[in-house]
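Input: a single structure, listed below in structure tokens.
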2 protein chains.
Amino acid sequence: MLDATSSYNPMDLRIPVDDRTGQLIVPETPRRTDRRPANRYGNRPTMKDVAARAGVGLKTVSRVVNGEPGVTPETERRVQEAIDALGFRRNDSARVLRKGRTASIGLVLEDLADPFYGPLSRAVEEVARAHGALLINGSSAEDPDREQELVLALCARRVDGLVVIPAGDDHRYLEPELKAGVATVFVDRPAGRIDADVVLSDNFGGARDGVAHLIAHGHRRIGFIGDMPRIHTAAERLRGYRAAMADAGIPVADSWMSLGITDPGRVRRAAEEMLSGPEPVTAIFTGNNRVTVTVIRVLAEQSRRVALVGFDDIELADLLQPGVTVVAQDAAALGRTAAERLFAQLDGTLIKPERIELPTRLITRGSGELPPED
Amino acid sequence: MLDATSSYNPMDLRIPVDDRTGQLIVPETPRRTDRRPANRYGNRPTMKDVAARAGVGLKTVSRVVNGEPGVTPETERRVQEAIDALGFRRNDSARVLRKGRTASIGLVLEDLADPFYGPLSRAVEEVARAHGALLINGSSAEDPDREQELVLALCARRVDGLVVIPAGDDHRYLEPELKAGVATVFVDRPAGRIDADVVLSDNFGGARDGVAHLIAHGHRRIGFIGDMPRIHTAAERLRGYRAAMADAGIPVADSWMSLGITDPGRVRRAAEEMLSGPEPVTAIFTGNNRVTVTVIRVLAEQSRRVALVGFDDIELADLLQPGVTVVAQDAAALGRTAAERLFAQLDGTLIKPERIELPTRLITRGSGELPPED
DNA sequence: TAGAGCCTGGACAACGTTGTCAGAGCAAGA
DNA sequence: TCTTGCTCTGACAACGTTGTCCAGGCTCTA
């Protein structure tokens, strides 16, 4: 069974004896058709090796390893001894192949380095851990192709379930997977063109409340800087902005809105533009944490005070001067809810896909309560 | 391995139903020795199914799926058609079993939600991706037992390699794995009692330079608040603090140092203590990002100005009043270096374990340049 | 037209594990 | 003594894939 071409391998020094008859095994060579895959990293002992060493059958080892009943203490001891001596570790790949489930779930998000996704990912991990599953994750970098590539790679690994923060807007490629029973929950943004569970923050309501807060403090010329509207959250937050303005009867000038990728350069230019000109904005609502950080920098350079409310909380927001008022979403709750729903699907207690919306929370710290200043 | 707390038990699913007939399984089957693992989520097509549908042999499907040569375009078309029609996706578990490599690596860190580990994790992921591998990660929550449990679970999955930010200080449990060829790199802290690759920041030098910076600005009574000294980084930073003080000929009072878990409550008390009393410190050196954040809060409440240098950079540190001077380590570089070393091990180009130390960088922003104020 | 060589396709074993089932050993009861 | 029933153990097939090897058909050359 072990490749005779390998160099010194302690595990290979067993005397070639037929363990039933006790006879030496004759070099009959019954037509070797296969070669062990070259393994320059050394071979690991298998249950068969353990069984041989302990002088028991293969299945008995399996029983001991899995804590199944029906093994005498004495036999168990012998097997355990062999396991320890050989450093045996069960090969879960083979186990998975046999059992059909992998006890692992996949998480596809945008960027693990983004402070918003860290706690989300951790929350998913904790739930997975409570259910005995491991977490495989990958970053899509906001690229739909990469998202698909990742998701399909995870499916090829036969993860039991998927938590996806989608980058793309067409997820029909997941249809065979769903049909095959891969539990799937989308988070933060809904799936595109398929019917699937989704857990969201109340982006619309949060943004509307945040903007209404500014309006309540006397602002009328309020800017909005957000992400590309093809991203669901960005579109919803923009909708919230528009709704708040409409509710207050304030017509919105096009020059007050900036939508696009949220790299610092563009955001900075956008902020500076809406702060200059004949009718500059007196307040800005920012569409996500990265935008907020950039705008804080821009505002710090301005001579006059400009009010600010940001979507997403940011660390140290309370220590800035003024403190940054934000619409906070609970990233951990998003992750936890999604993961719990995933395992509910796997338990079979869930039938119909649902859309769950978590509330946001307005945290006032000063920047959103500044009065308009012309 | 891991314990399950709910009815979803990934490894123990069975429904006594014959999946071909849909009938409950009755113990009358004479010849059937095995039962297909119950799969209430429907069965996925296999290469065999694809082969049957395309009217070709099994291996031909394998060839098409893997882009191997030796298939006529016409045959390939037929196979591809069947694949699409059935929604076939290769089962990588089986592939792994056969090939011996999993194309996945494990990352065990302390807490994915910590802003320090996000970029590190992302960097590891990028390198893994470049090598065609997926990343499985888990958080140890600074618990040695949980670290071991995670590492062994990853080994059972037969990850090709491990990147570990150790929580414990005895890693002899990894010896069989190392011997079996699991590539392993430790990051941020060295392994305990085994010889393994490790990538570190220059914690000692960074802390020494940071404290020397405070000394250069006239401080003599300098406090140090750090993590438990059993954590290598904490011990090294403390050593750096002591070295800088010793170099300047300043004797260190015990009351200036506080070491222990870095929860906000303890840190706050520690800071307040060293700021009161007959001989209060005029400057504080903080041992990690979480400590720094808490201390910033405490200092904001003080009437006098206290200088501060923190280990680890923090977001928005430049926007606070004053800006926070920090000793920055490059988390992404740590992750990248470790991952690259891991794949070098897998390539077989690496023989001997090494210790790599990355430099830190002092970033002056104001808080570290405040003069002493009594 | 035969022979050599290439191209394509398929049969088969093997990877390491677990489910099934049957057999061995043994004690208690008829 | 012979069942009967129970406990413990091991042989065997199967999970879905890939490596090896062989067969058959084809082309090309002599």
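Proteins come first, then strands; the chains are lettered A, B, ... in the order of their sequence lines, and each starts at number 1.
Mapping B/A94 and B/G55 onto DNA chain C via the closest heavy atom, the residue that lands nearer the 5' end is B/G55.
Nucleic acid contact for B/S93: none, since no nucleic acid atom lies under 4.0 Å from a heavy atom of the residue. Nucleic acid contact class of A/V65 (heavy atoms, under 4.0 Å, all strands): none. Residue-level contact check: B/V96 touches neither bases nor backbone, having no heavy atom under 4.0 Å from any strand.
Between B/S62 and D/dT18 there is a side-chain N or O to OP1 or OP2 distance below 4.0 Å. Contact between the side-chain N/O atoms of B/R90 and the OP1/OP2 oxygens of D/dT18 is found at a separation under 4.0 Å. Regarding contacts with the backbone of D/dG10, a side-chain N or O of A/T60 is found under 4.0 angstrom from either OP1 or OP2. For A/T75 and D/dT9, the shortest distance from a side-chain N or O to OP1 or OP2 is below 4.0 Å. When the side-chain nitrogen and oxygen atoms of A/N66 are compared with OP1 and OP2 of C/dT18, one or more of them lie within a distance under 4.0 Å. Dashed line: the shortest gap from a side-chain N or O of A/T72 to OP1 or OP2 of D/dT9 is under 4.0 Å. For C/dA14, the OP1/OP2 oxygens have no side-chain nitrogen or oxygen of B/R98 closer than 4.0 Å. Proximity of A/K99 to the phosphate of C/dG19: a side-chain N or O atom is located under 4.0 Å from OP1 or OP2.
Rounded to whole Å, the distance from CG on A/D92 to P on C/dT18 is 8 Å. To the nearest angstrom, C1' of D/dG16 lies 15 Å from CZ of A/R157. Atom P of nucleotide D/dT17 and atom CG of B/L58 are separated by 8 Å, given to the nearest angstrom. Between B/K48 atom NZ and C/dG10 atom P the separation is 15 Å, expressed in whole Å. A/D49 places its CG atom 9 Å from the P atom of C/dT17, with the value rounded to the nearest Å. Regarding B/E68, its CD atom lies at a distance of 11 Å from the P atom of D/dT20, rounded to whole Å. Distance A/R78 CZ to D/dC8 C1': 12 Å, rounded to the nearest Å. Distance, A/R95 CZ to C/dC15 P: 20 Å, rounded to whole Å.
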Stepwise side-chain hydrogen bond (donor to acceptor under 3.5 Å, both in side chains) check, B/R90 with B/N66: CA-CA 10 Å; B/R90 181 178 63 197; B/N66 294 295; 2.5 Å; yes
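Not a single donor-acceptor pair, N or O on each side, falls under 3.5 Å between the base of C/dG19 and the side chain of A/R63. Taking only distance into account, the side chain of B/K59 meets the base of D/dG19 through a donor-acceptor pair shorter than 3.5 Å. Between the side chain of B/R158 and the base of C/dG16 there is no donor-acceptor pair of N/O atoms closer than 3.5 Å.
A donor-acceptor contact shorter than 3.5 Å is absent between the side chain of B/N137 and the backbone of B/L107. A distance-only check finds no donor-acceptor pair linking the side chain of A/E177 to the backbone of A/C155 [under 3.5 Å].
The shortest side-chain heavy-atom distance between B/V127 and B/F343 falls under the 4.5 Å cut-off.
Using modelled atom types and a 3.5 Å distance limit, the side chains of A/H171 and A/E147 yield a donor-acceptor pair.
Across C/dG16, C/dG19, D/dT17, the shortest atom-to-atom separation from the side chain of B/L97 is found for C/dG16. Distances from the side chain of A/M47 to the nucleotides C/dT8, D/dT17, C/dT17 place C/dT17 closest.
Taken to the nearest 0.5 Å, the CG atom of B/L112 stands 5.0 Å off from the CG atom of A/L112.
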